[in-house]
Structure formats: structure tokens, C-alpha cells
Amino acid sequence: MTGRTWSLWNREFDSPVILASGTAGFGFELMDMGYLDGVAAVISKATTLRPRKGNPPPRIVETRFGLLNSVGLANPGVEEVVTRILPEASALPVPLIVNVAGETEQEFASVVEMLEKSPVPFGYEINVSCPNVSEGGVAFGASPSTVERVSRLVGQTSSRPFSVKLTPNEGSITESALAAQEGGAGAVTVCNTFLGMTVDWRTGMIPLERKVGGYSSPALLPLTVARVHITCQAVDIPVLASGGVSRPEDVLELLAAGASMVQVGTWLMRRPGSGAELRDGVLELLEDVSP
Ligand code: SIN
């Protein structure tokens with residue numbers, strides 16, 4: 001170990017790598033599978049006020065260079081999360097950040113109010129950017145005034161820090177980031193997936209029921225680097241990078257662009273041990289460049 005640390009919300013971590021929402025459940029389900037090795041924290045699948053069945057299958061489609069997802073925020077609802085899931089997640093060896101979504105501005109605060117009953121969450125990630133739902137989602141994240149109001153409502157309800165997960169798909173990411181900061185967010189996540197679609201040119205068939213889904217891929221890295229860079233120029237709060245990470249070099253590039261911590265998501269499906277591989281790779285590369 002090099003003694004290097006990264007910090008978020010007054011806590012020091014020996015890794016800059018966080019598992020992205022939607023790719024690792026609530027973390028504890030994967031505890032014995034190597035997913036958590038080398039990671040600083042886990043971000044849960046989105047939690048909403050009421051249970052959601054999500055979108056009809058298929059929800060994931062593999063494309064030549066990445067994945068399209070259209071899960072539709074499937075989750076058992078916050079009551080179940082607080083009473084059944086979070087007690088199990090208390091066994092996690094790393095902090096859990098709970099991703100929160102809502103159909104109305106008030107719903108975000110109502111979900112957080114329920115989550116506050118649990119001692120488990122380290123913080124929250126406020127998801128105003130899901131590309132796969134009709135209510136809330138991207139439309140919220142694209143409007144700076146909505147982002148500010150949601151952040152303020154959450155801040156008034158929460159005793160814990162929170163990051164607002166922004167959309168790359170509509171509006172200005174820097175204006176939304178500034179609005180989150182103004183509303184009291186303790187970080188912004190840059191960013192959610194990019195809208196994408198695939199169509200079978202022979203049959204005209206589009207596999208996803210909503211036609212478009214959220215695209216994630218190592219190829220997105222330069223798009224994320226650009227957004228992290230411009231967001232870091234605009235705000236004073238930490239920026240959590242998310243999108244395109246598959247190599248230790250990618251983590252270092254996003255940190256160099258200004259990110260405080262870096263999320264890995266889609267790459268976990270290919271390499272469940274990504275957390276340790278990325279963290280160890282980062283430490284080795286930093287050793288190599290140290291004088
Ligand atoms: C989904 O549940 O459809 C994905 C969540 C997200 O991208 O925010």
C-alpha cells in the first residue's frame with residue numbers, strides 16, 4: 001500500500017473507485033464474489049417511494065461497443081428497502097450510498113425521509129436523470145430550477161450528504177451542477193447514461209419497448225472526461241465521475257480532469273473484480289510516476 005487516500009464527505013478512502021448505481025444491487029448480495037474488493041463505496045440501485053416493476057424485458061441489450069439498458073427503476077420501494085434490505089446491507093465492509101428517484105419533486109424528499117430512519121446509508125445519490133421513465137428522470141435533471149428545488153427539498157430532509165446525478169442528454173450540465181450546488185448538494189455525479197437505440201435493419205425490430213435506453217460503454221470515456229472537466233470548472237463541490245471506466249488509466253484520467261472519486265459500472269459485468277483491479281492498477285501507476 002502506498003498510503004495514498006481519496007476523500008469524500010469528510011471520510012478518507014484507500015481507493016478512488018465507487019461501484020455505480022444499478023450495477024451492484026445493494027452491495028451485500030455480491031459480498032462473497034469479489035465485487036467489493038478495492039472499492040471505496042457502493043451506490044445502490046435506485047429506491048422509489050412505491051415498489052416499481054420496471055420496464056418489460058428485454059431490459060439490457062448488448063451492442064457492438066456497449067450496453068443499452070432500460071430497467072425503468074425496478075425496485076421494491078423504500079419501505080421494503082428500510083425494513084428488509086438495509087439491515088442486511090449493514091454487514092457491508094464499505095459505505096453504502098443509496099440512489100433515490102422520484103416521480104415528483106416532493107417524492108425525492110419523502111424517500112429520503114424514510115431512509116433517514118436507517119443508520120446504514122453513508123449518503124444519497126439523487127437520481128434526476130434516469131433516461132428510462134416517463135415521470136421524473138431526464139426531464140427533471142435537464143431543468144436547473146427543478147434540480148435546485150429537489151436538492152433543497154432533500155437537503156431540508158436529510159442529515160446526510162448527497163450527490164445529484166446529472167443527465168448528459170438534455171440541458172446544460174454545468175447549469176444543472178450549479179443548481180444542485182445552490183440547492184445544497186454535497187456533490188454531483190457526472191453523469192448518467194447517454195440515450196441510445198439499436199434497430200435490426202433486416203426486420204425493423206427495436207428490442208427495447210421504450211425504443212431508446214441508456215447507453216454505457218468504455219467508448220464514452222472522452223465524453224465523461226469533457227463533462228467532468230467543465231463541471232469542475234463551474235462548481236466547488238466534489239464531482240463523482242461516472243461513464244466509460246474500464247482501466248486504471250481511465251480512473252487517473254478522470255481524477256486528472258478534476259473528479260474527486262470515480263465510479264465503475266458496466267465494466268463490472270465483464271469483470272466482477274474490477275474494483276480491486278482498478279484500485280491496484282491506479283496505485284501501481286502512481287508508484288511508477290512518483291519521483
Ligand atoms: C433504469 O433503472 O432504467 C436505469 C437507472 C438510471 O439510469 O438512472
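In listed order, ligands and their atoms are each counted from 1. All values below come from the heavy atoms of this structure, side chains included, with hydrogens, waters and symmetry mates left out.
Inspection of the Thr174 and Thr231 side chains reveals no N or O donor paired with an N or O acceptor under 3.5 Å.
A side chain to side chain contact (heavy atoms under 4.5 Å, CB included) with Thr167 is found for one member of Cys191, Ser176, Ser129, Cys130 and no other, namely Ser129. Among the candidates Thr47, Ile43, Asn75, Leu92, the single residue satisfying the side chain to side chain contact (heavy atoms under 4.5 Å, CB included) test with Phe26 is Thr47.
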Contact table ligand 1 N or O to protein N or O, d under 3.5 Å:
| from | atom 1 | to | atom 2 | distance (Å) |
| --- | --- | --- | --- | --- |
| ligand 1 | 2 (O) | Lys45 | NZ | 2.8 |
| ligand 1 | 2 (O) | Gly72 | N | 3.4 |
| ligand 1 | 2 (O) | Leu73 | N | 2.7 |
| ligand 1 | 3 (O) | Val71 | N | 3.2 |
| ligand 1 | 3 (O) | Gly72 | N | 2.7 |
| ligand 1 | 3 (O) | Asn132 | ND2 | 2.7 |
| ligand 1 | 7 (O) | Asn192 | OD1 | 3.0 |
| ligand 1 | 8 (O) | Asn127 | ND2 | 2.8 |
| ligand 1 | 8 (O) | Asn192 | ND2 | 3.0 |

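Under the 4.5 Å side-chain criterion, counting only non-hydrogen atoms from C-beta, Phe122 is in contact with Arg11.
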Pair Glu125-Gln263, side-chain hydrogen bond (donor to acceptor under 3.5 Å, both in side chains): steps then yes or no: CA-CA 12 Å; Glu125 183 173 69; Gln263 300 184 14; 3.2 Å; yes
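Residues Ser70 and Asn55 approach most closely at OG-ND2, 2.9 Å, considering heavy atoms.
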